Novice: 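Dropping a structure here in C-alpha cells format, bear with me for questions.
These numbers come from a predicted model, not from an experiment.
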Amino acid sequence: MQEMLKRRQDEAEVECSVSLMAWSSSAKENDGGGTGGGGAGDEGTKKIENSEVEEHPYDFHVSGPRNLSSPNWKDLIRSSWRDPNYKRMVIACFIQAVYLLELDRQEKRTEENGLAPKWWKPFKYKVTQTLIDDRDGSIYGAILEWDRYAAFSEFIVVRPSGAPRAVLALRGTILKSPTIRRDLEDDLRFLAWESLKGSVRFAGALAALRSAVDRFGSSNVSVGGHSLGAGFALQVGKALAKEGVFVECHLFNPPSVSLAMSLKSVGEMAVSIWSRVRAALPTRSAGEGGLIEKNAEARAVKIQCTEISKWVPHLYVNNSDYICCYYSDPSGPEIARDGGGLGKAGASGGAATTAKLFVMSNGPKKFLEAHGLQQWWSDDMELKLALNHSNLINRQLRSLYAVPVAAAKMR
C-alpha cells in the first residue's frame, strides 16, 4: 500500500513538472522568445506601442481608401492613372500626407514611426522637398516624386502612363498650435483681398512648382491643394498659366467666401451701368491708323486667350460646404468688360474661361465633413460635372485673359 502511494506521488510530481515546462515554453513564445535581462518585456512593450501607432485614426489603413490599388506590373499595360477618379483619389491622399507631415513634426514622430509616409508609399512615390514656413517652422506643402527604386521592387520597370513625375501638394488650415496663427493669417488675407500673393507661402509654393517644371516639364507635373491649400494651388497654377506654362491642377474645397468679392460687386455694378451709358453715346470716328492698331490688339488678345484655354483646373466642390459652394452657383455679379456690356470671361477678351467643376451629389451634409478631405477618396462617392456657367470661376480666372496694351502691341 505504501509503495502504491509513493508511486502515485512520483507520477503527480512528474505531471506538475511537465505542465510548468509547457507553460514556460508558451510564455517565451508569446514574448518573442527573449531570455534574460528583461528582453522579452521590452519586446512586448514595443509591440504595444506599434499597435497604438497602427490604430491611430489618421493611419492609412484606418481612414484611407479601401479599394484603391497600388501600382503593379499590370499598370504597364493598362495604367490606373488614366482613370480620372483614381488620379483624384491619389492626389487627395498626397495632400493628406502633407497634413500629417506637419502633425508628425509637432508630435516629434520620425520617418520610421510617422503617419505621413504611409500615405505616399503605396503609390510608389517619395517626398523630395518639404515647404517650410520660416516664421513658425511649419510644413505647408511638399513635392512628391515617382520613386523608381520602390517601383522596381514591384517589377514596375517604367512609370505608368498618366502618372506625374512630380506632384506639389498643399495643405489647408490646421486649427492647432503652433501653426494656427500663420494659417489663419492667410485665411484672413484671402477673406479680405481675395488673393494670397502677399503670403510667403505663395512665393515658396510658386518657386517649388517652377523648379519641378524646369526639371520634368509642365506635362509631367501636377499641383493639388485642399481648402486654403487649394487657394494657393489655384493662384500658383494661374501665375504659371499667364506665362504659357500649364500644369494639371486639382482643387479640393477651394475657398470662395470673400469680403472683397461682396464689395467689388457693388463697384462692378456701377462700372456696368456706366459702360452701357457710354456705349449709347455717339463716338468720334477713329482714324485708319487707330483702327488698324485696335484690330492688332484684338488679334493678340484672341491668340493669348486661345493658348490659355489649354489650362483647365479641376475643382471639387461639396454644396453643403459654405466655404466652397459658391463655385457651383451660376448667379452672382456679372463681369463688366472694358468695351461695354457683359461677358463670360472678363476683361478685354470675351473668350469663355475654362475649368472642370465636379460637384458631389451624395456627399456629407454636415459642414465639417462636407469641408473635409477624406470624402474625396471615398469609394461610394458620386460626382457630376457641372455644366452651368459660374461667375465665380470667371472671376478667379479672368485675369488670365487681360493682356497689357504694351504686350499686345509687341505681338
Side-chain angles (χ1 to χ4, degrees), residues 84-85 88 91-92 95 170-173 186-187 189-197 222-239 241 247-265 268 308-309 311-335 342-346 351-376 378 381-401:
N85 290 322
R88 165 183 49 80
I91 292 180
I95 298 170
L170 301 166
R171 67 165 175 84
T173 303
D186 285 328
D187 288 326
R189 184 190 303 275
F190 183 87
L191 182 65
W193 302 108
E194 202 176 343
S195 175
L196 296 165
K197 289 186 178 180
S222 299
V223 57
H226 172 248
S227 189
L228 176 63
F232 279 115
L234 175 62
Q235 295 199 354
V236 297
K238 186 168 66 172
V247 296
E248 193 172 281
C249 188
H250 295 266
L251 312 172
F252 300 91
N253 301 89
S256 63
V257 179
S258 170
L259 292 178
M261 181 172 59
S262 301
L263 295 175
K264 285 180 181 178
S265 64
E268 287 180 352
I308 290 177
S309 64
W311 187 62
V312 183
H314 298 68
L315 287 75
Y316 305 95
V317 170
N318 185 323
N319 282 332
S320 297
D321 173 18
Y322 64 78
I323 290 179
C324 69
C325 63
Y326 294 106
Y327 276 105
S328 60
D329 183 5
S331 63
E334 289 285 359
I335 299 169
L342 300 176
K344 291 186 177 181
T353 53
T354 54
K356 288 187 177 181
L357 177 64
F358 297 94
V359 181
M360 183 176 290
S361 57
N362 65 334
K365 302 302 181 184
K366 295 182 179 179
F367 165 67
L368 290 179
E369 296 177 356
H371 188 66
L373 181 60
Q374 182 172 349
Q375 62 186 314
W376 299 112
S378 175
M381 67 178 299
E382 295 180 6
L383 289 179
K384 62 179 181 179
L385 181 61
L387 301 177
N388 59 307
H389 171 59
S390 171
N391 287 314
L392 181 55
I393 292 178
N394 289 334
R395 177 186 291 277
Q396 293 287 1
L397 301 182
R398 64 176 177 171
S399 63
L400 291 172
Y401 298 86

Novice: Apply the test side chain to side chain contact (heavy atoms under 4.5 Å, CB included) to residues Trp376 and Leu383: give CA-CA distance (whole Å), side-chain angles for both, the deciding distance (0.1 Å), then the verdict.
Specialist: CA-CA 10 Å; Trp376 299 112; Leu383 289 179; 3.6 Å; yes
Novice: Can you give me the closest heavy-atom contact between Pro255 and Ser227, atom names plus distance?
Specialist: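 So the minimum-distance heavy-atom pair works out to CD-O, 3.1 Å.
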Novice: Leu196 and Arg189: which non-hydrogen atoms are nearest, and at how many Å?
Specialist: CA-CD, 3.9 Å
Novice: For atom NZ of Lys356, is the number of surrounding heavy atoms from other residues, nucleotides or ligands below 6.0 Å larger than 12?
Specialist: no
Novice: Any idea which heavy atoms bring Ala386 and Val359 closest together, and the distance?
Specialist: CB-CG2, 4.0 Å
Novice: Does some side-chain heavy atom of Phe358 sit less than 4.5 Å from a side-chain heavy atom of Leu385?
Specialist: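 They are in side-chain contact.
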Novice: Has the side chain of Asn253 got a donor or acceptor atom that lies under 3.5 Å from a matching backbone atom of Ala370?
Specialist: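 Checked: pair present.
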Novice: Which residue in the set Val223, Val312, Val236 passes side-chain contact (heavy atoms from CB on, under 4.5 Å) when paired with Cys249?
Specialist: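 That would be Val223.
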Novice: To the nearest 0.5 Å, how far apart are CG in Leu170 and CD in Gln235?
Specialist: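 So the CG of Leu170 and the CD of Gln235 are separated by 11.5 Å.
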Novice: With rounding to the nearest 0.5 Å, note down the distance linking CG in Leu228 to NE2 in His226.
Specialist: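 These two atoms lie 10.5 Å from each other.
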Novice: In the structure I gave you, are the side-chain heavy atoms of Gln374 and Glu369 within less than 4.5 Å of one another anywhere?
Specialist: no
Novice: A side-chain contact here means heavy atoms from C-beta on lying under 4.5 Å apart; do Met381 and Met360 qualify?
Specialist: yes
Novice: Would you say that Asp321 contacts Val317 through its side chain, given a criterion of any heavy-atom pair below 4.5 Å between the two side chains?
Specialist: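 Not in contact.
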Novice: For Ser256 and Cys325, work out which heavy atoms get closest and say how close.
Specialist: OG-N, 4.0 Å
Novice: Mind checking whether Tyr327 and Ile393 have side chains closer than 4.5 Å, heavy atoms only?
Specialist: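 Counting from C-beta outward, Tyr327 and Ile393 do come under 4.5 Å.
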Novice: Will you find, in the side chains of Ser222 and His250, an N or O donor that is under 3.5 Å from an N or O acceptor?
Specialist: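 No.
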Novice: With a 4.5 Å limit on heavy-atom distance, are the side chains of Phe232 and Asp186 in contact?
Specialist: yes
Novice: Is any side-chain heavy atom of Glu194 less than 4.5 Å from a side-chain heavy atom of Arg395?
Specialist: yes
Novice: More than 12 non-hydrogen atoms from neighbouring residues, nucleotides or ligands closer than 6.0 Å to NZ on Lys365, yes or no?
Specialist: yes
Novice: To the nearest 0.5 Å, tell me how far Leu392 CG sits from Leu315 CG.
Specialist: 9.0 Å
Novice: Taking the six-membered ring for Trp, are Tyr322 and Phe367 parallel (under 30°), tilted (30 to 60°) or perpendicular (over 60°)?
Specialist: parallel
Novice: Measure across Ile95 and Arg171 and return the closest heavy-atom pair with its distance rounded to 0.1 Å.
Specialist: CG2-CA, 4.3 Å
Novice: Where do Ala233 and Leu251 come nearest, in terms of heavy atoms and distance?
Specialist: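 So the minimum-distance heavy-atom pair works out to CB-CD2, 3.6 Å.
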Novice: How many angstroms lie between atom CD of Gln375 and atom CG of Asn318, to the nearest 0.5 angstrom?
Specialist: 5.0 Å
Novice: Measure the spacing between NZ of Lys384 and OG of Ser361 and express it to the nearest 0.5 Å.
Specialist: 6.5 Å
